[in-house]
Amino acid sequence: MDWLPFTAEDWAAIRLTLELSAGATLILLVLGTPLAWWLAQTRSRFKPVVAALVAMPLVLPPTVLGFYLLMLMGPHGWVGQATQALGLGRLPFSFGGMLVASVLFSMPFVVQPLHNAFEGLDKRMLEAAATLRASTLDAFFSVVLPLSRRGFLTASILGFSHTVGEFGVVLMVGGNIPGHTRVVSMQIYNHVESMQYSHAHWLAGLMVAFAFIVLLSMHLMNQKLDVEKAVKT
Amino acid sequence: MMMKLFKQTLLAAAIACSTASAWADDLKIAAAADLKFALEEIKTAYVAANPADKVDITFGSSGKLSTQVEQGAPFDLFFSADIKYPKQLAAAKQAASEVKPYAVGRIVLWSNTHDASKLTLENLTEDKFKHIAIADPSHAPYGKRAEEALTASKLWDTVKPKLVYGENISQTAQFVESGNADIGIIALSLALNPELSKQGSYYLIEDKLHEPLEQAFIVTAHGKDNAAAQRFADYMQAPEARQMMVKYGFVLPGEGADTAGKPATDKPATTSAQ
């Protein structure tokens with residue numbers, strides 16, 4: 001793809017961004033599904049507390065998250081001491097550290113669509129599955145998952161694209177190392193700072209196109225699901 | 001009737017606002033991150049002497065601030081850590097004064113987990129230094145000088161895999177202070193600030209290893225008619241202001257030329273806490 005005016009560092013940043021976003025989205029789907037399920041089902045009085053904690057990254061400035069993550073994951077923080085004791089080394093300035101930061105940062109974008117999808121489920125479907133003696137797990141995989149596919153689709157797309165667009169937290173936790181922790185958003189920032197505006201334009205333009213295509217395809221798919229639903233009923 | 005009264009009130013309010021802003025000399029300064037402590041002190045002294053002036057300072061990397069000034073950001077003065085940026089702005093007719101050099105900066109090796117006063121750049125190749133923080137050389141002048149010093153010492157290629165890059169010099173210091181980087185190359189002016197000097201130590205990097213960190217400021221085109229901008233610019237020449245710059249390790253222009261050969265600059269500094 002030499003015809004595109006991207007430098008080797010730009011490509012490295014693009015690859016890293018995709019890896020980071022895919023990794024964070026996968027982790028969030030695995031962790032977020034049971035969490036969202038619990039939120040949708042529970043009558044626990046801790047539900048508002050957990051729901052508030054999940055939504056926190058929507059409100060907190062990235063610098064707050066980045067600052068506390070650096071403190072916690074550093075040599076004096078308990079996370080840092082734990083990872084060192086486990087032989088994992090320290091997380092800041094590594095892919096692992098950025099992954100942890102991204103999972104926290106993008107958490108609401110995955111958990112909230114899932115939570116909504118699970119809450120919107122027709123309870124009678126689950127009751128029917130129970131009367132047919134389906135186990136909870138079976139009912140989840142054969143009833144809940146197919147019925148909530150729109151929620152999963154939205155959660156994956158938002159989780160992925162929000163991680164792609166992340167800047168402040170990963171800049172603080174990642175240390176901006178070219179080819180190693182420098183993602184596209186930082187690369188654009190660096191191009192702008194060093195006044196290489198044409199490089200900045202190409203990468204920034206790519207991001208604009210990406211954001212539009214992602215959101216457009218999400219709406220188109222939702223429309224298609226609506227039509228399918230209308231045909232079935 | 002009500003409408004007329006309403007309009008009159010609005011007009012009166014508008015006049016009140018515009019005259020209020022004409023009387024108070026609000027001064028907005030954009031300054032390189034290495035000036036964080038020195039310029040804050042100078043500002044305090046300046047405001048004490050000129051109580052009518054309200055001074056706001058925004059700190060950041062010189063490259064970013066220069067871009068903002070170029071784009072017409074409402075800063076009256078721009079203090080850069082690299083004379084190149086004010087020169088570019090002056091060439092682009094964005095300056096309302098000549099480019100005024102105010103200091104020469106120095107870089108140091110700083111750490112709060114190792115005794116940096118007993119180290120030299122060569123020690124950076126040791127395994128105990130896993131992460132070494134410098135400011136991003138692509139746009140931060142202190143990072144550029146750090147790169148030059150490492151290159152001149154033939155250490156760049158060995159040390160490069162261990163480098164982490166701060167967005168500006170104060171974030172670089174923060175990487176080290178939090179213990180996430182074992183050591184870093186930062187501005188002497190930051191190593192000498194009370195917060196860092198009580199917990200760490202530094203080694204002054206020889207200034208012949210890098211291009212001089214010639215720093216300069218301008219009154220911006222935006223600050224052209226702001227009397228306070230001129231007052232502050234003049235105040236930078238006052239003995240109090242110069243003294244504060246020296247206190248934070250800056251070499252003053254005019255006195256800077258002969259420091260290169262001075263033995264004091266080549267000798268490892270003792271821990272700055274002393």
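Hydrogens, waters and symmetry mates are skipped; everything else that's a heavy atom, side chains included, is used. So that the names make sense, note that chain A is the first sequence line, chain B the second, and so on, each numbered from 1.
For chain A, no part of N168(B) is nearby; none of its heavy atoms comes within less than 4.5 Å. Neither the backbone nor the side chain of A140(B) has a heavy atom closer than 4.5 Å to any heavy atom of chain A.
Inspection of non-hydrogen atoms places G175(A), N176(A), I177(A), P178(A), R182(A), Y189(A), N190(A) of residues 175-190 of chain A under 4.5 Å from chain B. For a heavy-atom cut-off of 4.5 Å, chain A lies close to H131(B), D136(B) in residues 128-137 of chain B. Annotation: residues 61-68 of chain B contacts chain A through S61(B), G63(B), K64(B), S66(B), T67(B) [non-hydrogen atoms, separation under 4.5 Å]. Among residues 36-68 of chain A, the residues having any heavy atom closer than 4.5 Å to a heavy atom of chain B are, in sequence order, F67(A).
When all heavy atoms are compared, the tightest approach of P75(A) to S178(B) is CD-O, 3.9 Å. Looking at every heavy atom in both residues, V164(B) comes nearest to F93(A) through CG1-CG, 3.4 Å. Of all the heavy atoms in F175(B) and L171(A), the pair that sits closest is CZ-O, 4.1 Å.
The candidate with the highest count of non-hydrogen atom pairs below 4.5 Å against chain B, out of R90(A), M71(A), M73(A), H76(A), is R90(A).
Side-chain contact between M172(A) and E167(B) is absent, with no heavy-atom pair separated by less than 4.5 Å.
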